[in-house]
Amino acid sequence: MKKLSNEFYEQTDVVSVARQLIGKIVATHFDGVLTSGRIVETEAYVAFTDRASHAFAGKRTARNEHMYATGGTAYVYICYGMHQMLNVVTNANDIPDAVLIRAIEPLEGIEKMLERTGKKTSDSTLTKGPGNVGKAMGIFKKHSGLHLSEATMYIMDDEQFHLDPQQITASARIGIDSAGEDASLPYRFFLKGSKYVSGKTR
DNA sequence: CCGGGGATTATCT
DNA sequence: GATAATCCCCGGC
């Protein structure tokens with residue numbers, strides 16, 4: 001397995017990157033413990049024009065500063081005062097495109113994920129939904145700004161994992177009702193049949 | 001199985 | 001002071 005290249009992250013179509021990230025492996029290596037999982041659900045947030053994005057109309061604050069960093073940077077923010085949400089920044093410097101990682105299928109370090117989440121058994125809720133992904137992987141706002149080619153947090157291409165494009169479904173994004181018309185854009189992607197996908201699975 | 005509401009606090013107005 | 005790219009539990013079918 002190989003880490004994704006800067007060229008991958010710097011692609012100019014964030015919606016396409018969101019689709020391509022399905023099936024990739026995200027990993028963290030914090031405090032000497034490796035945890036990883038396969039990405040099964042993503043959402044694209046498009047720079048400048050997307051009312052659902054924190055960077056709509058070029059809004060730039062201390063919170064979303066890392067959205068403006070170069071492709072491959074992690075943008076982590078806190079939602080509802082308690083959930084750590086992991087995003088992959090794409091495109092060039094100063095273009096705030098980002099992909100939210102909404103769900104993964106846990107692979108390595110499941111014991112550590114159970115410890116972090118306080119769950120007793122590994123069921124589909126362990127890494128279903130963006131808040132749970134951050135919690136299980138040990139990701140916090142302090143990790144925002146790290147580049148996903150670092151030793152501690154990265155995304156890899158699993159060449160052994162072949163998926164048919166037909167296995168990926170597109171739908172409207174979740175939890176962004178206040179985004180008006182943009183709420184219905186088909187910018188959410190998920191792996192058909194995965195029990196780890198949050199929300200509607202069709 | 002499904003819908004409603006509370007939790008909890010960083011962030012922005 | 002209001003809001004939020006969510007989650008969990010509970011009660012009612």
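Values below: every heavy atom of this structure, side chains too, minus hydrogens, waters and symmetry copies. Chain identifiers are assigned alphabetically (A, B, ...) following the order of the sequence lines, protein sequences preceding nucleic acid strands; residue numbering begins at 1 within each chain.
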Asker: Which atom pair, heavy atoms only, marks the closest approach of A/Thr49 to A/Val46?
Answerer: OG1-CG1, 3.9 Å
Asker: Report yes or no: does A/Ser36 contribute a side-chain atom to a donor-acceptor pair with the main-chain N or O of A/Leu107 at less than 3.5 Å?
Answerer: no
Asker: What's the NZ-C1' distance between A/Lys200 and B/dC1, to the nearest Å?
Answerer: 13 Å
Asker: Determine: side-chain N/O of A/Lys59 to OP1/OP2 of B/dC12, distance under 4.0 Å, yes or no.
Answerer: no
Asker: Go ahead and write out DNA chain C as dot-bracket, 5' to 3': ( ) for pairs within the strand, [ ] for ones crossing earlier pairs, | when the partner sits on another strand, dots for unpaired; Watson-Crick or G-U wobble, both distances under 3.5 Å.
Answerer: ||||.|||||||.
Asker: Just to be sure I understand the rule, does A/Met82 reach a base, reach only the sugar-phosphate, or reach nothing, if contact means heavy atoms closer than 4.0 Å?
Answerer: base
Asker: Hey, which of these two, A/Gly81 or A/Asn132, hits DNA chain C nearer its 5' end, going by closest nucleotide?
Answerer: A/Gly81
Asker: Rounded to the Å, how far apart are A/Gln84 CD and B/dT9 C1'?
Answerer: 11 Å
Asker: Donor-acceptor pair, distance only, cut-off 3.5 Å: does the side chain of A/Asp182 make one with the backbone of A/Ala52?
Answerer: no
Asker: Please walk me through it: do A/Arg116 and A/Thr35 pass side-chain contact (heavy atoms from CB on, under 4.5 Å)?
Answerer: CA-CA 11 Å; A/Arg116 285 172 177 151; A/Thr35 50; 3.3 Å; yes
Asker: Verify whether one side chain among A/Thr125 and A/Asp123 offers a donor that lies under 3.5 Å from an acceptor in the other.
Answerer: yes
Asker: Reading DNA chain C from 5' onward, which residue's closest nucleotide shows up sooner: A/Ile176 or A/Thr125?
Answerer: A/Ile176
Asker: Kindly determine whether A/Thr73 and A/His66 satisfy side-chain hydrogen bond (donor to acceptor under 3.5 Å, both in side chains), including the steps that lead there.
Answerer: CA-CA 7 Å; A/Thr73 300; A/His66 293 131; over 6 Å; no
Asker: Just the rounded figure in Å: distance from C1' of B/dA10 to NE2 of A/His54.
Answerer: 11 Å
Asker: Within the structure shown, what part of the strands sits under 4.0 Å from A/Ser178 by heavy-atom distance: base, sugar-phosphate, or nothing?
Answerer: sugar-phosphate
Asker: Can you check the A/Tyr80 OH to B/dT9 C1' distance for me, whole Å?
Answerer: 13 Å
Asker: To the nearest Å, how far apart are A/Asp177 CG and B/dG4 P?
Answerer: 13 Å
Asker: Assess whether side-chain hydrogen bond (donor to acceptor under 3.5 Å, both in side chains) is satisfied between A/His54 and A/Tyr75, documenting all intermediate values.
Answerer: CA-CA 11 Å; A/His54 291 166; A/Tyr75 166 48; 2.8 Å; yes
Asker: Please tabulate, for the side chains in residues 186-195 of chain A, all donor-acceptor contacts under 3.5 angstrom to protein atoms that are two or more places apart in sequence or on a different chain.
Answerer:
| residue | atom | partner | partner atom | Å |
| --- | --- | --- | --- | --- |
| A/Arg188 | NE | A/Glu41 | OE2 | 2.8 |
| A/Arg188 | NH1 | A/Ser171 | OG | 2.9 |
| A/Arg188 | NH1 | A/Lys200 | O | 3.1 |
| A/Arg188 | NH2 | A/Glu41 | OE2 | 3.2 |
| A/Arg188 | NH2 | A/Ser198 | O | 2.6 |
| A/Arg188 | NH2 | A/Lys200 | O | 2.8 |
| A/Lys192 | NZ | A/Gln166 | O | 3.3 |
| A/Ser194 | OG | A/Tyr196 | N | 3.1 |

Asker: Walk along DNA chain C from 5' to 3' and tell me the first and last nucleotide with an atom closer than 4.0 Å to a non-hydrogen atom of chain A.
Answerer: C/dA4 to C/dC8
Asker: Which is true for A/Lys135 with a 4.0 Å heavy-atom rule: it touches a base, it touches only sugar-phosphate, or it touches nothing?
Answerer: nothing
Asker: Which label fits A/Phe140 and A/His143: parallel for a plane angle under 30°, tilted from 30 to 60°, or perpendicular past 60°?
Answerer: tilted
Asker: Just checking A/Arg173: base, sugar-phosphate only, or nothing, at a heavy-atom cut-off of under 4.0 Å?
Answerer: nothing
